[in-house]
Amino acid sequence: MYKNIIVGLSIVSLVNCNAQKETTKQTTTKQEATIVNETPLKKEGKIIYFSEGENKFLPELQMNVTFKGIAEDSRCPEGTQCIWAGVAVANIEFMSITSRPMILQFSTAEVKGKDHHKTQSFNGYTISLKEVAPYPSAQEGAKSLSGKYKIAIEVTKDDDQNRSTMK
């Protein structure tokens with residue numbers, strides 16, 4: 001009786017493992033189709049695209065990167081006129097294989113009074129926020145975009161003289 005239960009559980013486990021592998025293959029194929037501009041790391045950099053909540057391990061950088069979400073989106077909605085263009089601030093978590101996780105905030109504009117920066121350094125690399133999409137609309141505003149944001153970051157290797165954790 002116990003042998004039948006163990007054999008049954010083993011078969012169910014194997015079937016579930018196979019189903020997970022198929023789901024992963026389908027997801028990978030979809031991502032490859034949408035991310036065409038991703039290029040390998042060179043001295044001049046690499047642009048990497050993330051959806052909100054997405055986590056990627058970048059083997060050539062030996063770094064794990066997670067786009068946690070948008071902390072602030074005060075950008076002027078499309079179709080309206082504003083006095084100030086506004087700024088979007090992204091929370092991105094970085095963790096190398098030799099460091100603890102660190103959440104850095106990147107913005108679409110340099111705002112010194114609010115300590116917003118487009119570019120920061122982490123573990124020998126300079127990371128820059130290149131794009132935040134979608135743009136808020138006049139009808140829906142930024143609140144309706146929660147969970148729908150996508151970002152593009154560029155990662156370049158620092159010079160050996162400039163190896164700080166943050167700029």
Side-chain angles (χ1 to χ4, degrees), residues 21 23-78 82-137 141-167:
K21 286 180 186 176
T23 303
T24 304
K25 287 179 186 176
Q26 291 172 356
T27 304
T28 305
T29 306
K30 288 178 186 175
Q31 287 178 351
E32 288 173 1
T34 58
I35 301 173
V36 177
N37 296 331
E38 196 162 323
T39 56
L41 178 68
K42 297 178 185 167
K43 180 68 178 170
E44 61 271 5
K46 173 182 180 171
I47 294 184
I48 307 158
Y49 299 87
F50 290 89
S51 296
E52 197 165 354
E54 186 175 10
N55 176 340
K56 290 184 183 179
F57 179 73
L58 309 173
E60 63 275 13
L61 307 176
Q62 293 295 295
M63 189 183 307
N64 194 49
V65 182
T66 306
F67 172 31
K68 294 290 196 176
I70 296 292
E72 172 187 340
D73 192 354
S74 61
R75 296 176 294 171
C76 185
E78 291 179 329
C82 300
I83 296 171
W84 183 52
V87 66
V89 179
N91 288 333
I92 307 171
E93 181 181 80
F94 295 91
M95 183 175 71
S96 74
I97 59 172
T98 59
S99 73
R100 291 181 177 224
M102 178 179 282
I103 296 177
L104 301 177
Q105 287 193 328
F106 293 86
S107 67
T108 55
E110 292 284 335
V111 183
K112 293 184 183 186
K114 289 191 168 190
D115 200 32
H116 291 318
H117 302 286
K118 290 179 77 166
T119 301
Q120 297 190 50
S121 289
F122 176 79
N123 204 38
Y125 294 95
T126 299
I127 300 119
S128 300
L129 181 65
K130 292 297 183 183
E131 183 181 349
V132 175
Y135 218 82
S137 67
K143 289 184 181 181
S144 67
L145 299 176
S146 181
K148 299 176 186 173
Y149 284 102
K150 295 178 188 278
I151 61 167
I153 61 171
E154 182 178 34
V155 181
T156 55
K157 185 102 172 107
D158 277 347
D159 294 332
D160 288 335
Q161 299 108 3
N162 188 16
R163 289 213 166 207
S164 65
T165 304
M166 289 182 63
K167 269 189 183 175

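For the numbers below, each heavy atom of this structure counts, side chains included, while hydrogens, waters and symmetry mates do not. In this chain, residues are counted from 1 in sequence order.
Shortest non-hydrogen contact noted between Q105 and A71 is NE2-CB, 3.8 Å. For T119 against E110, the heavy-atom pair with the smallest separation is N-OE2, 3.9 Å. Heavy-atom minimum distance, T66 versus G53: CG2-O, 4.3 Å. Taking both residues in full, the closest heavy atoms of A88 and R75 are given as CB-NE, 3.6 Å, listed atom of the first, atom of the second, then distance. The nearest pair of heavy atoms linking S107 to V89 is CB-CG2, 4.0 Å.
Residues that satisfy the side-chain hydrogen bond (donor to acceptor under 3.5 Å, both in side chains) test with E72, not counting sequence neighbours, are S74. Judged as a salt bridge (Lys or Arg N to Asp or Glu O under 4.0 Å), and not counting sequence neighbours, the contacts of E93 are K68. With sequence neighbours excluded, the residues that form a side chain to side chain contact (heavy atoms under 4.5 Å, CB included) with A133 are E131. With sequence neighbours excluded, no residue forms a side-chain hydrogen bond (donor to acceptor under 3.5 Å, both in side chains) with K114. For K150, the salt bridge (Lys or Arg N to Asp or Glu O under 4.0 Å) test picks out no residue, with sequence neighbours left out.
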Could you please spell out the steps behind the side chain to side chain contact (heavy atoms under 4.5 Å, CB included) verdict for V65 and N55? CA-CA 6 Å; V65 182; N55 176 340; over 6 Å; no
From CA spacing to verdict: side chain to side chain contact (heavy atoms under 4.5 Å, CB included), F106, Q120: CA-CA 8 Å; F106 293 86; Q120 297 190 50; 3.8 Å; yes
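A distance of 10.0 Å separates CD of E52 from CG of N91, quoted to the nearest 0.5 Å. The structure places CZ of F57 at 9.5 Å from CE of M63, a figure rounded to the nearest 0.5 Å. Here the OG1-CD1 distance, from T156 to I47, works out to 11.0 Å after rounding to the nearest 0.5 Å. To the nearest 0.5 Å, the span separating CG on L129 from NE2 on H117 amounts to 13.0 Å. Atom CD1 of residue I48 and atom CZ of residue F67 lie 14.0 Å apart, to the nearest 0.5 angstrom. The distance from the CG atom of D73 to the OG1 atom of T108 is 7.5 Å, given to the nearest 0.5 Å.
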Quiz: residues 95-103 side-chain donor-acceptor pairs under 3.5 angstrom, not counting sequence neighbours:
unit_1	atom_1	unit_2	atom_2	d
S96	OG	T98	N	3.2
S96	OG	T98	OG1	3.2
S96	OG	S99	N	3.2
S96	OG	S99	OG	3.0
S96	OG	N123	ND2	3.2
S99	OG	S96	N	3.1

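Contact check for F94 versus I127: side-chain heavy atoms found under the 4.5 Å cut-off. A heavy-atom distance below 4.5 Å is not found between the side chains of C76 and W84. With contacts defined as side-chain heavy-atom distances shorter than 4.5 Å, the pair T126/V155 does not qualify. At least one side-chain heavy atom of L61 sits less than 4.5 Å from a side-chain heavy atom of Y125.
At distances below 3.5 Å, at least one donor-acceptor pair connects side-chain atoms of K56 with backbone N or O atoms of Y49.
Comment: K130 engages E154 in a salt bridge, judged by a side-chain N to carboxylate O separation of less than 4.0 angstrom.
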